[in-house]
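The structure appears right after this line, and notes come after that.
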Amino acid sequence: MRIALAQVTTGRDVAANLTLVEQQVRAAAERGAELVVLPEATQRAFGHRLDDVAEPLDGPFATRVRELAEESGLTVVLGMFTPSTETRSDPGRPKVTNTLLVTGPGLHRGYDKIHLYDAFGFAESATVTAGQQLLTVEVGGLTVGFATCYDVRFPALFTALARAGADAVVVCASWAAGPGKAEQWDLLLRARALDCTSWVLACAQSEPAAAGVQAAPGAPTGIGRSAVIGPDGTVAARAGAGPELLLADVDADTVARVREQLPVLANARLS
């Protein structure tokens, strides 16, 4: 299956971000992709209010993405925000859920980010409600699981997805910049691929400066470096800092071969 990772920088304007989605979906379809992945916070970038754009999966934003996916005949994955029943400490301000929309012909699902980014001085849990459920879907003959940004620091999520049948795990991110953060991102992606012996398909927000966009101060707005990692931990493809459409071919046979040679899932003694 050919996959496309559409590394972009989004901003505050939801309509402008949706135009960017349309451009990337059409470009991916023209280049033969069956699955196109855009980053976490595609609907609206971090550093801006989120509760006023949060909508359910049958709302106008997600519905338009679904239409684009069906028109193009491929599956689209991207980060958006859905309403939460929890409230923030600020009276009258609801929390949101950090959701990956997974949509295409005959498919319209959501994965809610399980591990919230309460680290490096940022408190995602102050405004976001954590998800509870894993998600896997079938795309192009592969079983695909999903993770969002900070989720990549938790190996158990990836091994659980592999045990649920995942041949590949999509990771959508808006990775925060800082000393050593790029090195950590690169290392974590390869480590998680080895943990679950699955493809890791990681699409991140591009670095705002490299995209010519003014970033919101203090927000995790991206460093680029989207990557396709093989189930043996090798880097099959990697993007730079700026906007880029990264394509790669992935398959289940490679997963089966690596798992035969390196049966870490079968050999595990602790769950």
Side-chain angles (χ1 to χ4, degrees), residues 1-11 13-45 53-82 97-113 131 135-149 151 161 166-174 199-206 222 226-228 237 239 243-250:
M1 175 176 68
R2 175 156 293 181
I3 62 98
L5 305 181
Q7 178 172 287
V8 297
T9 291
T10 58
D13 188 328
V14 174
N17 296 336
L18 188 53
T19 297
L20 195 59
V21 173
E22 294 180 12
Q23 294 169 347
Q24 296 301 314
V25 168
R26 290 180 176 140
E30 288 172 0
R31 297 179 68 176
E34 294 180 64
L35 171 69
V36 58
V37 183
L38 289 98
E40 178 186 25
T42 291
Q43 182 189 27
R44 173 173 281 177
V53 299
E55 64 176 58
L57 295 184
D58 60 356
F61 179 86
T63 297
R64 180 55 186 146
V65 177
R66 181 178 194 168
E67 291 170 352
L68 286 168
E70 291 177 342
E71 290 166 8
S72 302
L74 45 65
T75 299
V76 179
V77 181
L78 56 75
M80 60 176 291
F81 301 98
T82 54
T97 304
N98 188 340
T99 299
L100 294 185
L101 171 65
V102 184
T103 188
L107 174 67
H108 196 70
R109 303 282 301 278
Y111 163 72
D112 297 334
K113 184 179 183 181
L135 176 66
T136 62
V137 303
E138 300 298 316
V139 182
L142 288 152
T143 301
V144 182
F146 299 90
T148 304
C149 206
D151 278 336
L161 287 167
D167 303 297
V169 180
V170 165
V171 180
C172 296
S174 186
W199 294 93
V200 169
L201 315 175
C203 186
Q205 290 268 351
S206 54
S226 298
V228 177
E244 185 173 342
L245 186 64
L246 189 68
L247 287 101
D249 294 319
V250 302

field: Intermediate values then yes/no, side-chain contact (heavy atoms from CB on, under 4.5 Å), Thr148 and Thr99
entry: CA-CA 8 Å; Thr148 304; Thr99 299; over 6 Å; no

- request: Please lay out, stage by stage, how Thr136 and Leu161 fare under the test side-chain contact (heavy atoms from CB on, under 4.5 Å).
  value: CA-CA 7 Å; Thr136 62; Leu161 287 167; 3.9 Å; yes

field: side-chain contact (heavy atoms from CB on, under 4.5 Å) between Val37 and Ile3, intermediate numbers included
entry: CA-CA 8 Å; Val37 183; Ile3 62 98; 6.0 Å; no

- prompt: Does the pair Gln205 and Thr10 meet the rule for a side-chain contact (heavy atoms from CB on, under 4.5 Å), with working shown?
  reply: CA-CA 7 Å; Gln205 290 268 351; Thr10 58; 2.9 Å; yes

message: Determine whether Ser206 and Thr9 satisfy the following criterion, side chain to side chain donor-acceptor pair (under 3.5 Å), listing intermediate values before the conclusion.
response: CA-CA 5 Å; Ser206 54; Thr9 291; 2.5 Å; yes

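Between Gln24 and Ala6, the shortest heavy-atom distance links the atoms OE1-CB, 3.5 Å. Of all non-hydrogen atoms in Leu245 and Ala28, the two that sit nearest each other are CD2-N, 4.0 Å. Across all non-hydrogen atoms, the minimal contact from Pro105 to Ala69 is CD-O, 4.2 Å. A pairwise comparison of heavy atoms in Leu5 and Ala202 identifies CD1-O, 3.4 Å as the closest pair.
A 4.5 Å side-chain heavy-atom check between Leu201 and Leu35 finds at least one atom pair inside the cut-off. Side-chain contact between Val77 and Tyr111 is absent, with no heavy atoms from C-beta onward closer than 4.5 Å. Residues Thr75 and Val102 have side chains in contact (heavy-atom distance under 4.5 Å, counting atoms from C-beta outward). A 4.5 Å side-chain heavy-atom check between Val8 and Pro39 finds at least one atom pair inside the cut-off.
Note that CG of Asn98 and CD of Glu40 are 4.5 Å apart. Values are rounded to the nearest 0.5 Å. Note that CG of Leu107 is 8.5 Å distant from CZ of Arg66, once rounded to the nearest 0.5 Å. To the nearest 0.5 Å, atoms OG1 (Thr63) and CG (Leu57) are separated by 9.0 Å. The CE atom of Met80 sits 13.5 Å away from atom CG of Leu38, with the distance rounded to the nearest 0.5 Å. Distance check: Leu78 CG to Leu101 CG gives 5.0 Å after rounding to the nearest 0.5 Å. Summarising the geometry, atom CG belonging to Leu74 is positioned 9.5 Å from atom CG belonging to Leu68; distances are rounded to the nearest 0.5 Å.
No donor-acceptor distance shorter than 3.5 angstrom exists from the side chain of Gln43 to the backbone of Phe61, with no hydrogens or angles considered. A donor-acceptor pair under 3.5 Å is formed between the side chain of Gln7 and the backbone N or O of Ser226.
Evaluation of the salt bridge (charged side-chain N to carboxylate O under 4.0 Å, His left out) test over residues 26-35, restricted to residues two or more places apart or in two chains, returns Glu22-Arg26.
Among His108, Glu70, Glu67, the single residue meeting the side-chain contact (heavy atoms from CB on, under 4.5 Å) criterion with Thr103 is His108.
Considering only residues two or more places apart in sequence or on other chains, Asp13 meets the side chain to side chain contact (heavy atoms under 4.5 Å, CB included) condition with Ala15, Ala16.
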